[in-house]
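Here's the structure we're looking at; comments come further down.
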Amino acid sequence: MSEIAERVRRVLDDPGLWPREPKEATALQREMAGRVREEPLDADAVRYVAGLDVSYARDDSALSAAAVVLDVRTMEVVDSAVFSAEPSFPYISGLFAFRESPPVLEALGRLSVTPDVYLCDGFGLAHPRRFGVACHLGVLLDAPVMGSAKSVLYGKHSEPGDERGSWTPMVAGRSEVVADSAALAAEGAEVIGRVLRTRAGVKPVYVSVGHRVDLEGAADLVLRLSPRYRVPEPVRHADRLCGEHRKAVLAARDDAP
DNA sequence: GCGACAG
DNA sequence: ATCTTGTCGC
């Protein structure tokens with residue numbers, strides 16, 4: 001069994017990490033947030049990136065998670081894994097990780113290639129308690145994780161320029177669009193993420209540090225991973241894979257009750 | 001108390 | 001997230 005698979009098993013089997021009540025989950029986030037570490041990420045040294053995503057049935061009766069590993073140097077898929085089950089935690093904004101992490105970890109435990117860094121479809125530090133799913137997975141695995149979300153949950157930001165690669169900082173505070181978030185950052189506001197235009201003229205993505213990466217390195221890598229579409233390639237692949245898997249599971253279930 | 005609210 | 005066809009625009 002791989003090192004990651006062992007770590008995954010240990011984490012999933014620890015009942016103390018998976019509270020059933022929102023109140024306890026929030027308390028656990030506050031506790032675990034102190035373990036997040038920001039470290040320099042040399043995007044040039046990264047080779048394998050794992051994109052993570054989860055797909056749900058409309059009635060919430062099933063879910064499928066996928067992890068797809070890409071070689072950044074060729075942008076080719078080198079490994080992938082999926083896992084299906086029933087949701088064990090409701091969707092509550094801010095407690096997203098308690099719903100998505102278990103199936104994602106199960107998928108990660110089934111990979112053969114060990115990723116250098118993981119990319120979540122969601123936030124890391126850009127979270128009310130500075131502990132989004134990217135931080136959560138990072139701390140549980142003690143691995144480099146970054147987050148790339150498609151909409152804002154928390155934080156003030158201004159709109160980046162229309163060109164691909166243009167960006168503005170996200171700073172702590174209630175979700176709000178401001179005239180100049182870079183000025184707020186320069187005045188000392190806590191920078192929690194970056195609004196990044198991965199495709200000219202298209203809505204940007206929101207990048208934040210999960211664990212053991214830095215914002216600069218994460219944003220650099222996310223941009224490289226998005227040469228053509230708004231959403232970074234590893235996440236696009238994972239999105240497609242878990243969606244197909246989830247549909248297949250539902251079809252099989254309704255086909256042979 | 002009211003509104004917001006990753007996927 | 002999911003349910004869904006066509007359609008507006010470069």
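So that the names make sense, note that chain A is the first sequence line, chain B the second, and so on, each numbered from 1.
Remark: Ser93(A) is not in phosphate contact with dA4(B), judged by side-chain N or O atoms under 4.0 Å from OP1 or OP2. A sub-4.0 Å separation between OP1 or OP2 of dA1(C) and a side-chain N or O of Lys150(A) is present. Taking side-chain N and O atoms only, Arg246(A) has a distance below 4.0 Å to OP1 or OP2 of dT2(C). For the pair Tyr91(A) and dA6(B), the criterion of a side-chain N or O lying under 4.0 Å from OP1 or OP2 is met. Distances shorter than 4.0 Å separate some side-chain N or O of Ser55(A) from OP1 or OP2 on dT2(C).
Between Lys247(A) atom NZ and dA1(C) atom P there is a gap of 12 Å when expressed in whole angstrom units. The distance from atom CZ of Phe96(A) to atom P of dA1(C) is 9 Å, rounded to the nearest whole Å. Distance CZ (Arg236(A)) to P (dG7(B)): 16 Å, rounded to an integer number of Å. The separation between Lys156(A) atom NZ and dC5(B) atom P is 14 Å, rounded to whole Å. Computed from coordinates, the Arg129(A) CZ to dA4(B) P distance equals 19 Å when rounded to whole Å. Regarding Phe89(A), its CZ atom lies at a distance of 17 Å from the C1' atom of dA1(C), rounded to whole Å. Between the C1' atom of dG3(B) and the OH atom of Tyr154(A) lies a distance of 16 Å, rounded to the nearest Å. Rounded to an integer number of Å, the gap from CD of Glu244(A) to P of dT2(C) is 12 Å.
The aromatic rings of Phe123(A) and Tyr206(A) sit tilted relative to each other, their planes meeting at an angle between 30° and 60°. Under the 30°/60° scheme for interplanar angles, the aromatic rings of His136(A) and Trp18(A) are found to lie parallel.
Checking dC5(B), dA1(C), dA6(B) against the side-chain heavy atoms of Ser151(A) singles out dA6(B) as nearest. Checking dC5(B), dT2(C), dG7(B) against the side-chain heavy atoms of Ala149(A) singles out dG7(B) as nearest. Taking every side-chain heavy atom of Asp121(A) into account, dG7(B) is the closest of dC5(B), dG7(B), dC3(C). The side chain of Val133(A) lies closest to dA6(B), out of dG7(B), dA6(B), dT2(C).
Remark: Lys247(A) NZ is loosely packed, at most 12 non-hydrogen atoms of other residues, nucleotides or ligands lying under 6.0 Å away.
Note that CE of Met170(A) and OG of Ser158(A) are 10.5 Å apart. Values are rounded to the nearest 0.5 Å.
Within 4.0 Å (heavy atoms only), Asp53(A) reaches sugar-phosphate atoms of the nucleic acid but no base atom. Counting non-hydrogen atoms under 4.0 angstrom, Gly147(A) reaches nothing in the nucleic acid. Across all strands shown, Val152(A) has heavy atoms under 4.0 Å from sugar-phosphate atoms exclusively, and none from any base.
No side-chain N or O of His127(A) forms a donor-acceptor pair with one of Arg130(A) less than 3.5 Å apart.
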